[in-house]
Amino acid sequence: MNGKKALTVVLVAFAWAWTAYECDTIGIDVFDMLLKRFPGQLWIMAAVLTYLTVVWMPKCLLTRAVMGIFMLIPAALFKFTRPNLPESGFAPVHVVVGLAYVLAVIGMYGMFYPWRIEAALRRLARRPPAPAEEEEKGGGKP
């Protein structure tokens with residue numbers, strides 16, 4: 001297994017384990033009724049779903065794993081930011097929460113269209129430098 005494949009499997013496993021943790025600690029009766037019929041059910045499901053995801057969805061898997069993690073960031077962040085939110089007015093924590101939700105929306109889009117995320121990243125990587133950047137490097141005309 002090469003390095004990229006190993007990283008991908010680790011990220012997929014991390015995303016499924018994080019999802020299991022969130023479902024285990026969220027405290028919604030429906031989740032508790034359906035997903036906690038026997039001890040460790042969520043963690044067994046996370047392991048099985050990791051295997052099935054790697055086997056059945058190999059295309060764009062690294063992108064999907066990262067997008068899955070992006071979707072989970074607000075859930076974890078909310079537990080720490082909620083006590084710090086002011087009752088009125090603006091606080092810097094609002095910017096952090098807003099950015100987390102932007103990442104979540106990007107993650108949702110990327111789960112459905114990972115090839116578009118990869119294409120956008122390739123375009124950004126190939127982008128020629130702006131004229132101001134060329135002048136700073138000495139590539140502009142004298």
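Numbers here simply count residues along the sequence, with the first being 1. All heavy atoms count here, side chains included; hydrogens, waters and symmetry mates do not.
- Below 30°, between 30° and 60°, or above 60°: for Trp115 and Tyr113 the angle between ring planes is above 60°, a perpendicular geometry.
- Contact of the Leu99 side chain with the Leu103 side chain is not registered, since no non-hydrogen atoms from C-beta on lie closer than 4.5 Å.
- Linking Ile, Leu, Val, Met, Phe, Trp and Tyr whenever their side-chain heavy atoms come within less than 4.5 Å leaves Trp56 and Val10 in two separate clusters.
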Checklist entry - For Trp16 and Val48, what are the C-alpha separation, side-chain angles and deciding distance, and is it a side-chain contact (heavy atoms from CB on, under 4.5 Å)? => result CA-CA 9 Å; Trp16 277 119; Val48 169; over 6 Å; no
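- The heavy-atom pair separating Phe70 from Ile106 by the smallest distance is CD2-CG2, 4.3 Å.
- Taking both residues in full, the closest heavy atoms of Ala15 and Ala65 are given as CB-O, 4.3 Å, listed atom of the first, atom of the second, then distance.
- Looking at every heavy atom in both residues, Met111 comes nearest to Arg64 through O-NH1, 2.6 Å.
- No path of Ile, Leu, Val, Met, Phe, Trp and Tyr side chains, each step under 4.5 Å between heavy atoms, connects Val105 with Phe78, placing them in separate hydrophobic clusters.
- Minimum heavy-atom separation, Cys23 to Leu42: C-CD1, 3.9 Å.
- Connection of Ile73 to Phe80 is not established within any shared hydrophobic cluster, with ILVMFWY side chains joined at heavy-atom distances below 4.5 Å, either directly or through further cluster members.
- Sparse packing is recorded around OH of Tyr51, with 12 or fewer heavy atoms of other residues, nucleotides or ligands lying under 6.0 Å away.
- The side-chain heavy atoms of Val54 and Lys5, taken from C-beta on, include a pair separated by under 4.5 Å.
- Among all heavy-atom pairs drawn from Leu77 and Ala100, the shortest one is CD2-CB, 3.4 Å.
- Here Thr63 contributes atom OG1 and Leu11 contributes atom CG; the two are 10.5 Å apart, rounded to the nearest 0.5 Å.
- Annotation for Trp18 and Leu72: closest pair CZ2-O, 3.4 Å, computed over non-hydrogen atoms.
- Follow the hydrophobic side-chain contacts under 4.5 Å out from Ile69 and you reach Leu7 in the same cluster.
- Atom CZ in Phe14 sits 12.0 Å away from atom OG1 in Thr50 (nearest 0.5 Å).
- Within the 4.5 Å cutoff, side-chain heavy atoms of Glu118 are placed close to those of Cys60.
- To the nearest 0.5 Å, the span separating CG on Leu62 from OG1 on Thr8 amounts to 4.0 Å.
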